[in-house]
Amino acid sequence: MRGVWRDRKEQIMPAETMDELVSLCKRRGFIFQGSEIYGGLQGTYDYGPLGVELKNNLKAAWWRANVYERDDMEGLDASILTHRLVLHYSGHEATFADPLIDNRISKKRYRLDHLLKEQKPQVLEAVAEAMGLGDWDMTTLVAALMADPEKAAEAMTSAKVIDPANGAPGDWTPPRPFNMMFRTNIGPVVDEDSYGYLRPETAQGIFINFKNVLDSTARRLPFGIAQIGKAFRNEITPRNFIFRVREFEQMEIEFFVKPGTDEEWHQRWLETRLQWWEDQGIPRHQIHVLDVPKADLAHYSKRTFDLMYNFPTLGFEEIEGIANRSDYDLGSHTKAQSELNIQARVMENTDSTAKLAVQDPDTKAWFVPYVIEPSAGVDRGVLAVLSEAYTKEQLDSGEERIVLKLKPHLAPIKVAVIPLAKNKEEITSYARSLKARLQALGMGRVLYEDTGNIGKAYRRHDEVGTPFCLTVDYDTIGKSQDGSTTLKDTVTVRDRDTMMQERVHVSELAQYLLERLR
RNA sequence: GCGGGAGUAGCUCAGUUGGCAGAGCGUCAGCCUUCCAAGCUGAAUGUCGCGGGUUCGAAUCCCGUCUCCCGCUCCA
């Protein structure tokens, strides 16, 4: 074998800061700040030419594993704009809007109503008086405070509303309503009643289509519905690059099972999902499975496992939640609730037109299925995969090599075809035609690369994670220095991670690459 | 929302007391080059985050605002 690169790698390091990764993402066209040319819009990011490939590849891997390679799954793509009643009965309207207030002294934040409930009656009386209220109760007091936040701040501070954290009067900020859901007007007339929401989770689209899918596919339990799509949350503090953002994408499965089998399925999905992340390059030992404490569970959850990936720059953070949502959701959205023996505590539904239940084939009794929900963040997945892949290597030559060691199936660019010399027409035309033939195989992005010299091209592609660089040289075109033609129609294939090269005949390239890019 | 830090070319960052907008890398073009950011020649790229103020004059001083990072807070 000839031309094998032997520069030993000494140190291997991950990204030290998020900035380092952000910088690479911008420089190479993975991810840009949203609305950047107007100063940026907080909590939004745009995926560039390479970012969209990576993200699409991750979603495709998920869809393939969960839809194409299973016999118990259907796909769905529900609308983002959502009827207000969907999010009313789901419980989101009630749990996603909090009036919040801060104490400037202790730096603590409270829900206004919770804070007021902690106060002595005379303090509340003083607040009400300062707000000019005669008759009042807790509801009208909160309403009055929210109606005039500036005055509320003064009233609460001068009435010496106590901060439970330190037992001392606080210096209170104006209270602010905080609605986690984006409300939007629908239709030509802007009025109070013509609004809906941008969905805060894709899950609801699945629940409200449960009957449609059942009717159109003749599925029986257990089976699941998979969906990938955008969701929107008005996060208080978007932070950490694409980790916590206001517009993001979810990959969600709602897996419907018979009550009583839910705990077993919950465990099974936990294992399935851990294996999937491993297949995407996130090793099992870098994920901590958090059995979420009862007190921290979401309003719908019976039990939840959070998959916490050990981000090199952030520590352990959630990339997927696998929740046992019991019969809460279908129970919330179904009509005829009283006939269905629903276990979860649900709001009485007087609007739904569909029975979201199935019939036991033996007993003929109707019941509401339990739901196991593996819900993964696409953007968080992209960040995890990038973080895990980002590597700095110190080479023997003293130089630093930055390489994204992405799994080949996730790499934005699959193959770069490089002419050894770009001023030799025979070599460049061979390289161009080779590139065209490989491109036609449909393996993804295949590029002709002739920027700089060969070394630059390699390093450039290391940095964006291109698994294979093919180099067309003098041997390829039958003009070896020693006059032999034994290497005619072979190219060097350089491996991104090892930097090793081997010569492969062009007739074998398609198979060689396709095998390794899966 | 609080506290701290930052924002100047695609990236990393200089920019002195308020006095012509800079470097390295990258990018592009040409030359050269028989495999790991080699070399030579040339070129392009700036609302100095944005808006206002002070000043003869502002990247620099003041006010406001946006965005990012760190620590709190929040996180269905």
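Proteins get letters first, then strands, A, B, ... in listed order; numbering begins at 1 in each.
- Distance from the side chain of A:R244 is smallest to B:rC74 among B:rC74, B:rC36, B:rC70.
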Could you go through A:D473 and A:T471, starting from their C-alpha distance and side-chain angles, then the distance that decides it, and tell me whether this counts as side-chain hydrogen bond (donor to acceptor under 3.5 Å, both in side chains)? CA-CA 6 Å; A:D473 61 14; A:T471 299; over 6 Å; no
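- Side-chain atoms of A:K456 lie closest to B:rG26 of the nucleotides B:rG26, B:rC36, B:rU33.
- Residue A:F256 is tested with A:W265, A:F210, A:Y370 for a ring-ring contact (aromatic ring centres under 6.0 Å, His included); the sole match is A:F210.
- For A:D379 and A:Y47, the side-chain atoms include at least one donor-acceptor pair closer than 3.5 Å.
- Side chain of A:Q481, nearest nucleotide from B:rC74, B:rA76, B:rU34: B:rU34.
- Rounding to whole angstrom units, CG of residue A:N234 and P of B:rG1 are separated by 11 Å.
- B:rC68 and B:rG5 make up a base pair, with Watson-Crick or G-U wobble contacts both under 3.5 Å.
- Pairing for B:rU12 goes to B:rA23, judged as Watson-Crick or G-U wobble with the two contacts each under 3.5 Å.
- When only modelled atom types and interatomic distance are considered, A:T498 and A:D495 share a side-chain donor-acceptor pair under 3.5 Å.
- The CZ-P distance, from A:F311 to B:rC69, rounds to 14 Å in whole Å.
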Atom pairs and distances, donor-acceptor, side-chain atoms in residues 413-430 of chain A, under 3.5 Å, two or more places apart:
from	atom 1	to	atom 2	distance (Å)
A:K414	NZ	A:P408	O	2.9
A:K414	NZ	A:H409	O	3.1
A:K414	NZ	A:A411	O	2.8
A:K422	NZ	A:D450	O	3.3
A:E426	OE1	A:K479	NZ	2.8
A:E426	OE2	A:K479	NZ	3.0
A:T428	OG1	A:E425	O	3.1
A:S429	OG	A:E425	O	3.0
A:S429	OG	A:E426	O	3.4
A:Y430	OH	A:D489	OD1	2.6

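- Residue A:R28 is in base contact, counting any heavy-atom pair closer than 4.0 Å across all strands shown.
- If you check distances only, the side chain of A:R233 does reach the base of B:rA76 with a donor-acceptor pair under 3.5 Å.
- Contact annotation: side chain of A:E235 to base of B:rC75, donor-acceptor pair absent below 3.5 Å.
- If you check the side chains of A:Y309 and A:S387, you find no donor sitting under 3.5 Å from an acceptor.
- Atom CG of A:L115 and atom P of B:rG1 are 18 Å apart (whole Å).
- Atom CD in A:Q501 sits about 8 Å away from atom P in B:rC36, given to the nearest Å.
- As judged by a 4.0 angstrom heavy-atom cut-off over every strand, A:T451 is placed among residues touching the sugar-phosphate backbone only.
- In this structure, B:rU34 makes no Watson-Crick or G-U wobble pair, since no nucleotide meets both defining distances under 3.5 angstrom.
- Closest approach to the A:R239 side chain among B:rA38, B:rC2, B:rU33 is made by B:rC2 (side chain taken as heavy atoms from C-beta onward).
- With both ends at atom P, the span from B:rG15 to B:rC75 equals 43 Å, rounded to whole Å.
- We find that NZ of A:K422 is positioned 9 Å from P of B:rC31, with the value rounded to whole Å.
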Between protein and nucleic acid, restricted to nucleotides 10-15 of chain B and to nitrogen or oxygen atoms under 3.5 Å apart, what atom pairs and distances do you find?
from	atom 1	to	atom 2	distance (Å)
B:rC11	OP1	A:K26	NZ	2.6
B:rC11	O3'	A:S23	OG	3.0
B:rC11	O2'	A:S23	OG	3.4

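- Looking at the side chain of A:R459, the nearest of the listed nucleotides B:rC36, B:rA76, B:rC69 is B:rC36.
- A donor N or O paired with an acceptor N or O is not found under 3.5 Å between the base of B:rA37 and the side-chain atoms of A:E400.
- Between A:L21 atom CG and B:rC68 atom P the separation is 16 Å, expressed in whole Å.
- In this structure, a donor-acceptor pair under 3.5 Å is present between the side chains of A:S375 and A:E252.
- Among the nucleotides B:rC36, B:rA37, B:rC68, the one closest to the side chain of A:Q42 is B:rC68.
- Across all strands shown, B:rA29 forms a Watson-Crick or G-U wobble pair with B:rU41, both key distances being under 3.5 Å.
- A donor-acceptor contact under 3.5 angstrom links the side chains of A:E93 and A:Y197, judged on distance only.
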Using a cut-off of under 3.5 Å, enumerate the N/O to N/O pairs linking the protein to nucleotides 46-51 of chain B.
from	atom 1	to	atom 2	distance (Å)
B:rU47	O4	A:I37	O	3.1

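- Residues A:D19 and A:T17 bring no donor and acceptor atom of their side chains to less than 3.5 Å of each other.
- Heavy atoms of A:E463 sit under 4.0 angstrom from at least one base atom.
- Here B:rA76 presents its P atom at 12 Å from CD of A:E201, a figure rounded to the nearest Å.
- Among the nucleotides B:rC28, B:rU33, B:rC72, the one closest to any side-chain atom of A:T237 is B:rC72.
- Of the candidates B:rC32, B:rA76, B:rA37, B:rA76 carries the atom nearest the A:H92 side chain, counting heavy atoms from C-beta on.
- Residue A:G48 is out of contact with every strand shown, counting any heavy-atom pair closer than 4.0 Å.
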Evaluate A:S326 against A:Q343 for side-chain hydrogen bond (donor to acceptor under 3.5 Å, both in side chains), listing each step before the verdict. CA-CA 8 Å; A:S326 72; A:Q343 303 295 305; over 6 Å; no
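- With C1' as the reference atom, B:rC13 and B:rC48 are 13 Å apart, rounded to whole Å.
- Both A:V491 and A:F248 sit near RNA chain B, but only A:V491 has its closest nucleotide nearer the 5' end.
- If you check every strand for non-hydrogen atoms under 4.0 Å, A:Y45 touches sugar and phosphate atoms only.
- Of all nucleotides listed (B:rU33, B:rU34, B:rU67), B:rU67 comes nearest to the side chain of A:Q33.
- Looking at heavy-atom distances under 4.0 Å, A:N423 makes contact with a base.
- Listed nucleotides: B:rU73, B:rC69, B:rC35. Nearest to the side chain of A:L420: B:rC35.
- For the salt bridge (charged side-chain N to carboxylate O under 4.0 Å, His left out) test with A:D462, the passing option among A:K405, A:R494, A:K392, A:R496 is A:R494; the others fail.
- For A:T492 and B:rC35, a side-chain-to-base donor-acceptor distance below 3.5 Å is present, hydrogens and geometry of angles not being considered.
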